[in-house]
Amino acid sequence: MSKTLKEMDVLRQHLAKHQLKLTRQRELILTAFLRQEHVTAETMYHQLAKKDPHLGLATIYRTLNLFCEAGIAQARHFGTQTQYDNISHKGHHDHLICTGCGTIVEFENCEIERLQEEVATKNGFVIQTHRLELYGLCARCRH
C-alpha cells in the first residue's frame, strides 16, 4: 500500500471513529501535507488557496490538528511558530533549528539516545517520551 493510501486509511478510520466525514478539503490538505516536512498552517494555506479559493486558514488549522489526533502529524513548536511534522513514516528523531533562517534539520544519533537513557537510569527515571531541539545558526547564516 502506498504511503498516501496508508495515511488516507488511517484518517478514514479516525474520522469514522469520531463520526466525521472525509471531505474533499481534508483529502486535498492531506495530499499536500504528505509531500512535505515541517510545514506551518499559513504555508499550507498559501499553497492550497490557488487550488481551492474557498479553503480557509481555520479549516487548515483544524485539519492539521485532526491529523495530529489521528497520529499522522505532530505539532512542533519551534520558536514562535507551530510547524506540523509528517510523522507517519518516521521513527523517533531530533531537530537542529536555525534561529536565522528557520531551517530545520532532522537527525538521529544512537549515542545521544544511549546517554539520555543512562542519565535517566542514574536518576531513577524511566523515559516515556522526549524531544531534543538544538537551536543555533546554520552554515549559510553564519557566513
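The figures that follow rest on heavy atoms only: side chains count, while hydrogens, waters and symmetry mates do not.
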Query - Residues forming a side chain to side chain donor-acceptor pair (under 3.5 Å) with Y61, sequence neighbours excluded - result: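 Expected list: E42.
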Requested in this report: Name all residues meeting the side chain to side chain donor-acceptor pair (under 3.5 Å) criterion together with E117; count only those two or more places apart in sequence or in a different chain, and write none if there are none.
Outcome: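 Side chain to side chain donor-acceptor pair (under 3.5 Å) list for E117, sorted by chain: empty.
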Would you confirm whether [X], through its side chain, and [Y], through its main-chain N or O, come within 3.5 Å as a donor-acceptor pair?
| X | Y | result |
| --- | --- | --- |
| R35 | L30 | no |
| R76 | Q83 | no |
| T63 | T59 | yes |

On a heavy-atom basis, which atom in [X] and which in [Y] lie closest, and how many Å separate them?
| X | Y | answer |
| --- | --- | --- |
| I127 | Q116 | CD1-O, 3.6 Å |
| F33 | L64 | CD1-CD2, 3.9 Å |
| D52 | Q25 | OD2-NE2, 3.4 Å |
| C141 | C98 | SG-SG, 3.6 Å |

Does [X] share a hydrophobic cluster with [Y], counting links as ILVMFWY side-chain heavy atoms below 4.5 Å and allowing steps through other members?
| X | Y | answer |
| --- | --- | --- |
| L134 | L137 | no |
| I112 | I97 | no |
| L57 | M44 | yes |
| I104 | L132 | no |
| F125 | L115 | no |

Query raised in the report: Under the side chain to side chain contact (heavy atoms under 4.5 Å, CB included) criterion, do E27 and L11 qualify, and how do the steps go?
Result: CA-CA 9 Å; E27 285 187 72; L11 180 60; over 6 Å; no
Query - Aromatic ring pairing H38/H95, orientation class (parallel under 30°, perpendicular over 60°, tilted between) - result: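 If you compare the ring of H38 with that of H95, the planes turn out perpendicular.
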Query raised in the report: So H77 and E133, side chain to side chain contact (heavy atoms under 4.5 Å, CB included) or not? Walk me through it.
Result: CA-CA 10 Å; H77 307 285; E133 298 169 0; over 6 Å; no
Mind checking the [atom1]-[atom2] spacing from [X] to [Y]? Nearest 0.5 Å is all I need.
| X | Y | atom1 | atom2 | result |
| --- | --- | --- | --- | --- |
| H18 | Q13 | NE2 | CD | 11.5 Å |
| L55 | Y45 | CG | OH | 8.0 Å |
| L15 | M8 | CG | CE | 10.0 Å |
| K6 | L34 | NZ | CG | 9.5 Å |

Query - H130: ring-ring contact (aromatic ring centres under 6.0 Å, His included) partners, not counting sequence neighbours - result: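 Result, ring-ring contact (aromatic ring centres under 6.0 Å, His included) vs H130: H92.
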Report task. Start with the C-alpha gap between F67 and Y84, add the side-chain angles, then the distance that decides, and say whether ring-ring contact (aromatic ring centres under 6.0 Å, His included) holds. Result -> CA-CA 9 Å; F67 296 168; Y84 295 85; 8.8 Å; no
Report task. Any chance you could lay out the side chain to side chain contact (heavy atoms under 4.5 Å, CB included) test for D94 and E108, step after step, and finish with the verdict? Result -> CA-CA 6 Å; D94 298 307; E108 295 176 30; over 6 Å; no
